[in-house]
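Worksheet for the structure shown next.
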Amino acid sequence: MKGIFILATSILLLSFASCRNSERDLDTGTEDSREFWVAANQFSNIIREVHRVAVVDSILNGIDSIDVVAPENCVDTFYRNPDVGPFPIDLQIVYSDTVTCDASRTKTGRLNVRFSGIYTNYGTTITISPDSFALAGVFFTGDIVMQMVGKTADSIIYNVSVSNGSIRDAKVSAKNVSSWQGNFSIVQYNGRTTITSLDDNFLYYGNGSGIASNGIIYEFWNTEWANLDADCNYENSGEFKIVSTNSIRQDRFCKFGNGACDNKMTVSIPPVNGDYEVTIR
């Protein structure tokens, strides 16, 4: 009887310790979620940078030169080759490393862009290749391919693929490279009827995968469209789900902005691991 009592007591203590360890070791990591947002934000802003030049350019957008206005972004200069066509036309957007703009987010390097036809024509393919391009000290490399697939009265729709995407934070000295790829629909849903891009808002929706710098492999997809307003550097609404594929982790729900224009995202880890605020530069 005494032996049975000792065995039962031991099992009870082990169970109690296991529960205590489970409570202590909650799954609260958010690094993969933060790196996912850095990549998504970089990719969406790069597309907007190209848009801001192309939409006001008389050759690239097929508009009368009298309607051309200066691009509303922090561009040192840009070049077309051949300068007046025919297509394909190569565009190079060059950023100064001495100019701070867009709420102190410095842009450096170049964006090399090839247009197969007029920017807003059906079927036109736009290939974007960042060259030493960095936004706020974060370098983005990879291949972005857009194709114009639809129009409505005040919107333009593109199918977009991102491959070989790599993110490197120059301000972090440790292992800091993450990868990212995906397929998206991007909609310029406001501002098509005006030449200026000051009122051009974007939505994007899609799915893909990535590898965080800590080795976590994840897949992601929208549960709500992500919104990027013309006057905001960050997604101010939208939600993605992130699922780890190489570790035992809870799913993460990444919610942008809650309508505010800021660099904050809420990461929710159900069922009991709570909500965490994540910021990017």
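Computed from a prediction, not measured in an experiment: that's the story for all the values here.
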- Message: Main chain of Q250, side chain of D27: is a donor-acceptor contact present, judged purely on distance under 3.5 Å?
- Response: yes
- Task: Taking all non-hydrogen atoms of both residues into account, name the closest pair between G206 and F184 and its distance.
- Result: CA-CD2, 3.6 Å
- Message: Do the side chains of E219 and K241 get close enough for a salt bridge, i.e. N-O under 4.0 angstrom?
- Response: no
- Note on the structure: Heavy-atom closest pair (R105 atom, Y234 atom, distance to 0.1 Å) is NE-OH, 3.5 Å
- Message: So if I apply the side chain to side chain contact (heavy atoms under 4.5 Å, CB included) rule between I186 and each of L228, V160, N159, which one comes out positive?
- Response: V160
- Task: Please lay out, stage by stage, how Y79 and N81 fare under the test side chain to side chain contact (heavy atoms under 4.5 Å, CB included).
- Result: CA-CA 7 Å; Y79 308 94; N81 183 32; over 6 Å; no
- Distance-only side-chain donor-acceptor flag, S58 / D64, under 3.5 Å: no
- Task: Report the distance from atom CZ of F256 to atom OG1 of T266, rounding to the nearest 0.5 Å.
- Result: 11.0 Å
- Item | Nearest heavy-atom neighbours spanning S213 and E31 | OG-OE2, 4.5 Å
- Would you check if the side chain of N246 reaches a backbone N or O of G215 as a donor-acceptor pair within less than 3.5 Å? yes
- Task: Might you confirm whether atom NZ of K264 has over 12 heavy atoms from other residues, nucleotides or ligands at distances under 6.0 Å?
- Result: no
- Does any donor atom in the side chain of E235 or W37 lie under 3.5 Å from an acceptor atom in the other side chain? yes
- Task: Assess the pair F240 and F36: is the distance between their ring centroids shorter than 6.0 Å?
- Result: yes
- Under 3.5 Å, side chain of N207 to main-chain N/O of W221, donor-acceptor pair present? no
- Item | Y119-D57 side chain donor-acceptor pair, cut-off 3.5 Å | no
- Query: Any donor and acceptor pair, going by atom type alone, linking the side chain of R252 with main-chain N or O of G29 inside 3.5 Å?
  - Reply: yes
- In Å and rounded to the nearest 0.5 Å, what is the CG to CG distance from D229 to N236? 4.5 Å
- Any idea which heavy atoms bring S268 and D275 closest together, and the distance? OG-OD1, 2.8 Å
- Query: F202 versus H51: any side-chain heavy-atom pair under 4.5 Å?
  - Reply: yes
- Message: Rounded to the nearest 0.5 Å, what separates atom CG in N201 from atom CG in N190?
- Response: 5.0 Å
- Between D200 and R52, is the closest basic N to carboxylate O distance under 4.0 Å? no
- Task: Rounded to the nearest 0.5 Å, what's the gap from CZ on F78 to CG on L111? Could you check?
- Result: 13.0 Å
- Message: Under a 4.0 Å threshold between the charged nitrogen and the carboxylate oxygen, would D90 count as salt-bridged to R80?
- Response: no
- Would you check if the side chain of T124 reaches a backbone N or O of T120 as a donor-acceptor pair within less than 3.5 Å? no
- Does T152 reach the main-chain N or O of S155 with its side chain, forming a donor-acceptor pair under 3.5 Å? yes
- Donor-acceptor contact present, side-chain N61 to main-chain I63, <3.5 Å: no
- Query: Can you name the nearest heavy-atom pair linking R48 to A230, along with the distance?
  - Reply: NH1-O, 3.6 Å
- Task: Just grab all the disulfide (SG to SG under 2.5 Å) pairs involving residues 26-60, residues at least two apart or on different chains.
- Result: none
- How many angstroms lie between atom CD of E277 and atom CE of M265, to the nearest 0.5 angstrom? 10.0 Å
Name every donor-acceptor pair, under 3.5 Å, that has one atom in a side chain of residues 126-146 and the other anywhere in the protein, sequence neighbours excluded.
residue: D131; atom: OD2; partner: R110; partner atom: NE; Å: 3.2
residue: D131; atom: OD2; partner: R110; partner atom: NH2; Å: 3.4
residue: D143; atom: OD2; partner: N164; partner atom: ND2; Å: 3.1

- Message: Can you tell me how far apart OG (S33) and CD1 (I216) are? Round to the nearest 0.5 Å.
- Response: 10.5 Å
- Message: Quick check against the 3.5 Å criterion: does T125 have a side-chain atom that pairs as donor or acceptor with the backbone of Q147?
- Response: no
- Could you verify whether a donor N or O on one side chain and an acceptor N or O on the other, from Y158 and Q188, lie under 3.5 Å apart? no
- Item | S116 vs F87, side chain to side chain contact (heavy atoms under 4.5 Å, CB included): CA-CA, chis, key distance, verdict | CA-CA 6 Å; S116 71; F87 289 96; over 6 Å; no
- Task: Examine distances only and state if a side-chain atom of N263 and a backbone atom of R281 form a donor-acceptor pair shorter than 3.5 Å.
- Result: no
- Query: Any sub-3.5 Å donor-acceptor pair from N222's side-chain atoms to E224's backbone N or O?
  - Reply: yes
- Query: Is any side-chain N of the basic residue among D154 and R192 closer than 4.0 Å to the acidic one's carboxylate O?
  - Reply: no
- Item | Nearest heavy atoms of P82 and P86, plus distance in Å | CG-O, 3.5 Å
- Message: Using side chain to side chain contact (heavy atoms under 4.5 Å, CB included), reason through Y218 and R249 one step at a time and then give a plain yes or no.
- Response: CA-CA 10 Å; Y218 61 87; R249 308 186 84 202; over 6 Å; no
